[in-house]
Amino acid sequence: MLRKTLVLLMVAGLLVGFSGMAEVERDPDLQGTLEIVNWWTAGGEAEALAALFSVFSEWHPRVSVINSTIAGGAGIGARAVLISRILGGVPPGTFQVHAGRGTIDPHVIPGHMEPVTFLYEEEGWVDVFPQALLDMLRFEGEFWSVPVNIHRSNVLWYNKGVFAEHGLNPPTTFAEFFAAAEVLQTAGVIPLALGETWTVVHLFETVLLAALGPDAYIGLWNGDTDWGAPEVTAALEYFDRMLNYVNQDFAALSWDEAAGLVVDGTAAMNIMGDWAHGYFMGRGWTPGVDYGWVPVPGSGGAFQALSDSFGLPKGAPDRHVVVAWLRMIGSREGQDAFNPIKGSIPARVDADRTLYDAYLLSAMDDFARDAIVPSMMHGAAASPAWMHDIIEAVSFFAADRDVVVLQRALVNAAADAL
Ligand code: GAL
């Protein structure tokens, strides 16, 4: 009897909880137009965004949504368009922006964004977003955007069939990586699929982490690690050696085209953030069957993190619908609709784990256990000007392969930035 009463009380509590939430979050009468600028055009990304739209239109069926996509992974194309729109006084309702120093600065410092700290307070987000993420999002005491996910950048993906065919195990150290790469190259398989410039820089940052370890890697961004140190030279040499095993046409491929080489078996491995997981699933691949994953060799125990978030520009058209969007993407329902498709883990720690596959569960566990370090290429570690200098230095290096010149450029870039 007592048990029955308790169960009834719990059910009633849940119902009150849900209906209370529904009153706050859902509004069938809300009207307006919401323009969302983002760069999610590739397989996996576009489907995940569509899942967010369907939750939003269920909550607010009378709001029209304009999906303004600007192609270019890592926001390479979107950022420039966005800055010119914001500075030109025609901001969209909201836009995708990385959490952290690389993208918050240009929007906040010139005073073009509204802080959204009020939403964190009203929605209780400081209790459900992890501290490491809150630290990335906070700038001058305020929060400036709402995170929808956490991605991991230091992942090596591999084609299980190709690995089995050549009797290989996934590499966990640089030595194992180079040994496997030799076997594959000799057999006529591209060992490591690579794409356009930003993906080269992505590879580069994961190698820096793997070679230096999490503490010294973090030190690169706060001045504690000297970019001219012999340890950094050693990391650059690993990077240089890795480039011996990539497809020659890398500069011409987008990140998803490079990942596609692994799907068709032309290449065996790809080092990419876990949006590649979303892409592979979109291609009909089954995780753990068709493809496997390990941290980038040498980087086990470290989680190189970044987060996609959305902001509220000053003067946003139909501000009230933007606020409704931001509440939805920060909600459990929104995040649980988006992340299992996107290949990212939710920003919230209270997600419904039953909705996530083996890769994402392992990523959630790693995030809780590993050293969390920021991704530079995806906006979490360095200012935009510093990022620009690093991207330039690495892209020259991909052509001339001169480690001394690269290290000198990196030292100069750090001296300008710090
Ligand atoms: C990252 C972004 C991810 C993914 C990727 C490739 O910068 O955070 O969500 O979309 O670019 O486009």
Side-chain angles (χ1 to χ4, degrees), residues 36-52 67-82 94-104 106 133 136-137 145-155 157 193-206 253-260 262 270-283 303-311 329 334-335 337-347 359-360 363 367 372-382 384 387-388 390-391:
I36 303 173
V37 168
N38 68 88
W39 63 86
W40 286 328
T41 54
E45 299 179 327
E47 292 91 325
L49 181 61
L52 272 186
N67 182 16
S68 290
T69 50
I70 299 165
I76 290 292
R79 210 164 295 145
V81 174
L82 197 61
T94 188
F95 58 89
Q96 180 188 355
V97 62
H98 286 130
R101 293 184 58 194
T103 42
I104 292 270
L133 181 59
M136 263 191 218
L137 290 155
S145 60
V146 179
V148 68
N149 67 359
I150 296 170
H151 266 304
R152 183 177 195 173
S153 72
N154 61 318
V155 191
W157 308 94
L194 189 65
E196 60 184 306
T197 300
W198 75 261
T199 74
V200 183
V201 181
H202 183 112
L203 171 66
F204 170 69
E205 74 171 19
T206 67
L253 303 186
S254 60
W255 72 266
D256 46 317
E257 286 169 338
V262 177
N270 182 217
I271 288 177
M272 191 34 62
D274 44 17
W275 43 92
H277 177 46
Y279 169 79
F280 291 142
M281 290 188 292
R283 291 285 308 262
F303 189 117
Q304 207 162 17
L306 61 126
S307 168
D308 293 304
S309 65
F310 287 82
I329 62 163
Q335 302 216 342
F338 177 79
N339 289 298
I341 305 173
K342 184 68 168 69
S344 39
I345 61 173
Y359 168 72
L360 289 168
F367 186 82
I372 307 301
V373 306
S375 156
M376 185 279 302
M377 186 56 236
H378 304 279
M387 273 172 75
H388 171 270
I390 294 174
I391 293 171

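Every value quoted in this text rests on a predicted model; they were computed, and no experiment measured them. For ligands, and for the atoms within them, numbers begin at 1 and follow the listed sequence. For the single chain, residues carry numbers from 1 onward in sequence order.
Scored by the side-chain contact (heavy atoms from CB on, under 4.5 Å) test, I70 finds V37, A78, V81 as partners (sequence neighbours excluded). Partners of A381 under the side-chain contact (heavy atoms from CB on, under 4.5 Å) rule, at least two apart in sequence or in another chain, are W221, P374, M376. Listed by chain and number, the residues in a side-chain contact (heavy atoms from CB on, under 4.5 Å) with D256 are A42, S254, Y279 (sequence neighbours excluded).
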Show me a pair-per-line table, with atom names and distances to 0.1 Å, of protein N or O atoms that are under 3.5 Å from an N or O of ligand 1.
from: ligand 1; atom 1: 7 (O); to: H98; atom 2: NE2; distance (Å): 2.8
from: ligand 1; atom 1: 7 (O); to: H378; atom 2: ND1; distance (Å): 2.8
from: ligand 1; atom 1: 8 (O); to: H98; atom 2: NE2; distance (Å): 3.0
from: ligand 1; atom 1: 8 (O); to: D308; atom 2: OD1; distance (Å): 2.6
from: ligand 1; atom 1: 8 (O); to: D308; atom 2: OD2; distance (Å): 3.3
from: ligand 1; atom 1: 9 (O); to: W40; atom 2: NE1; distance (Å): 3.1
from: ligand 1; atom 1: 9 (O); to: D308; atom 2: OD1; distance (Å): 3.4
from: ligand 1; atom 1: 9 (O); to: D308; atom 2: OD2; distance (Å): 2.6
from: ligand 1; atom 1: 9 (O); to: K342; atom 2: NZ; distance (Å): 2.8
from: ligand 1; atom 1: 10 (O); to: W40; atom 2: NE1; distance (Å): 3.1
from: ligand 1; atom 1: 10 (O); to: E45; atom 2: OE2; distance (Å): 2.5
from: ligand 1; atom 1: 10 (O); to: K342; atom 2: NZ; distance (Å): 3.4
from: ligand 1; atom 1: 11 (O); to: W39; atom 2: NE1; distance (Å): 3.3
from: ligand 1; atom 1: 11 (O); to: A74; atom 2: N; distance (Å): 3.2
from: ligand 1; atom 1: 12 (O); to: W39; atom 2: NE1; distance (Å): 3.4
from: ligand 1; atom 1: 12 (O); to: E45; atom 2: OE2; distance (Å): 2.6
from: ligand 1; atom 1: 12 (O); to: A74; atom 2: N; distance (Å): 3.4

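Proximity of F95 to R79: side-chain heavy atoms (C-beta onward) are nowhere separated by under 4.5 Å. At least one side-chain heavy atom of I329 sits less than 4.5 Å from a side-chain heavy atom of F310.
When only modelled atom types and interatomic distance are considered, Q304 and T206 share no side-chain donor-acceptor pair under 3.5 Å.
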